[in-house]
Amino acid sequence: MSSIFVPPPIQQINSEIAQRAGVDLQVLRLDCMHPWVNGNKWFKLKYNLLEAKQKNFRTLLTFGGAYSNHIFATAAAGNLFGFRTIGVIRGEERLPLNPTLSFALQQGMQLVYLHREMYRQRQTMALEAELRQRFGEVFIIPEGGSNLNGVRGSMEIISQVGVFDTICVACGTGTTLAGIALSLHKGQRAIAFPVLKNGQFLAAEVDSLLTNYLASGLPTPFDSPGSWQLVCDYHFGGYAKVNDQLWQFAQQFTKDYAIPLDYVYTAKMFYGIMDLLQQGFFHKGDRILLIHTGGLQGNVGIEQRRK
Ligand SMILES: *Cc1c(COP(=O)(O)O)cnc(C)c1O
């Protein structure tokens with residue numbers, strides 16, 4: 001299953017800001033692993049697909065918004081690894097399909113729409129039962145791939161990289177952060193940037209993912225998570241909100257360092273990092289690894305809507 005992926009390259013950012021702060025800044029480019037199945041979404045899917053295969057399921061069913069990176073990745077991964085896929089999309093169908101959903105359809109995903117109230121019940125047994133009745137034997141993956149299999153896969157994100165003191169990642173549900181926290185070595189710390197407003201609530205979510213994971217009997221390299229913290233000041237007004245400042249930052253950053261950023265997640269984290277470096281947040285000599293979690297597919301839709 002891993003053979004189609006390029007190992008993620010690590011790229012140094014030679015910026016004056018980093019030099020002045022006395023830190024070493026490197027980026028782990030998960031966006032480069034595969035043209036469609038990449039970023040943290042692949043890591044969160046991996047053990048879900050393995051479990052589905054092992055249990056002889058032929059169809060994956062999952063949930064997401066109309067611009068979802070997870071829907072995009074599941075459609076492509078299902079197609080690559082021989083699963084039928086069903087995407088349950090929040091809201092009503094809008095034609096013509098946006099680039100994310102038309103890609104999913106091309107990959108063979110069946111698209112089903114649930115109006116918002118119904119969609120809110122996506123994690124209830126009642127709705128799952130209804131979906132099973134309608135679609136038969138389906139392996140259900142939660143929105144975003146955010147289950148313990150997702151945590152398990154995320155533990156592999158930094159397993160192949162060299163020595164770093166600080167690992168930084170953008171954060172939506174906190175599943176990826178939980179996996180990273182479980183794979184930290186002694187003396188390492190993780191810093192996570194929620195992209196939603198009032199992201200502090202994620203601390204409890206991450207705690208409960210960690211507790212559930214450790215109680216599950218699934219494998220871990222260590223008995224307890226390493227130290228992690230949330231930095232909640234860089235949400236730019238909320239999920240998928242993009243103002244001119246963020247827009248311009250992302251364009252300039254790509255020009256300066258040849259690293260494309262997505263507007264929903266990575267641009268907010270990278271902005272936060274550059275800002276914190278100027279405020280003296282990091283220690284001199286800190287070796288910092290920024291995880292590029294992918295998500296670039298969503299830029300097409302955002303750029304269209306902005307015009
Ligand atoms: C989904 C996503 C995240 C957030 O991952 P969580 O595990 O939900 O915290 C971060 N970056 C990108 C590009 C994503 O697509």
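Just follow the structure's listing: the first ligand is 1, and inside any ligand the first atom is 1.
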Does CD in Gln279 sit with more than 12 non-hydrogen atoms of other residues, nucleotides or ligands closer than 6.0 Å? yes
Does atom CZ of Arg134 have more than 12 heavy-atom neighbours from other groups under 6.0 Å away? no
Just checking Trp36: does its CH2 atom have more than 12 heavy atoms from other residues, nucleotides or ligands closer to it than 6.0 angstrom? no
Atom CD of Glu303 with >12 non-hydrogen neighbours under 6.0 angstrom: yes
I need the nearest protein heavy-atom contact for atom 10 (C) of ligand 1: residue, atom name and distance, please. Tyr265 CD2, 3.3 Å
Any non-hydrogen atom of Gly39 lying under 4.0 Å from ligand 1? no
Can you name the atoms of ligand 1, numbered from 1 with element, that are less than 4.0 Å from a heavy atom of Gly174? 6 (P), 8 (O), 9 (O)
With only distance considered, is Gly172 within less than 3.5 Å of ligand 1 through an N or O on each side? yes
Best match, Ile291, Leu177, Thr176: closest heavy atom to atom 7 (O) of ligand 1: Thr176
N/O of Thr173 under 3.5 Å from N/O of ligand 1, yes or no? yes
Of all the atoms in ligand 1, which lie at a distance below 4.0 Å from a heavy atom belonging to Lys44? 5 (O), 6 (P), 7 (O), 8 (O)
In ligand 1, which numbered atoms sit nearer than 4.0 Å to a non-hydrogen atom of Thr175? 7 (O), 9 (O)
Short N/O distance, under 3.5 Å, between Lys41 and ligand 1? yes
Would you say Ala170 has any N or O atom under 3.5 Å from an N or O of ligand 1, going by distance alone? no
Looking only at heavy atoms, what is the nearest atom pair of Leu202 and Leu196, with distance? CD1-CD1, 4.0 Å
With the 4.5 Å side-chain cut-off for hydrophobic clustering, are Ile17 and Phe253 part of the same group? yes
Output, in order, the C-alpha distance, side-chain angles, deciding distance and verdict of side-chain hydrogen bond (donor to acceptor under 3.5 Å, both in side chains) for Thr100 and Gln297. CA-CA 7 Å; Thr100 303; Gln297 69 86 21; 2.8 Å; yes
For the CG atom on Asn243, are there more than 12 heavy atoms of other groups (residues, nucleotides or ligands in this structure) within a distance under 6.0 Å? yes
In ligand 1, the atoms that come under 4.0 Å of a heavy atom of Gly295 are 13 (C)
Which residue supplies the protein heavy atom nearest to atom 11 (N) of ligand 1, what is that atom called, and how far is it? Thr293 OG1, 2.6 Å
Are Thr62 and Val88 close enough that some pair of their side-chain heavy atoms sits under 4.5 Å apart? no
Has Gln123 got more than 12 heavy atoms of other residues, nucleotides or ligands less than 6.0 Å from its CD? no
Test your reading of the structure: does Asp262 have an N or O sitting under 3.5 Å from an N or O of ligand 1? no
For ligand 1, find out whether one of its N or O atoms is nearer than 3.5 Å to an N or O atom of Asn40. yes
Which of the numbered atoms in ligand 1 are under 4.0 angstrom from any heavy atom belonging to Cys171? 9 (O)
Give a yes/no on ligand 1: does His70 have at least one heavy atom closer than 4.0 angstrom to it? no
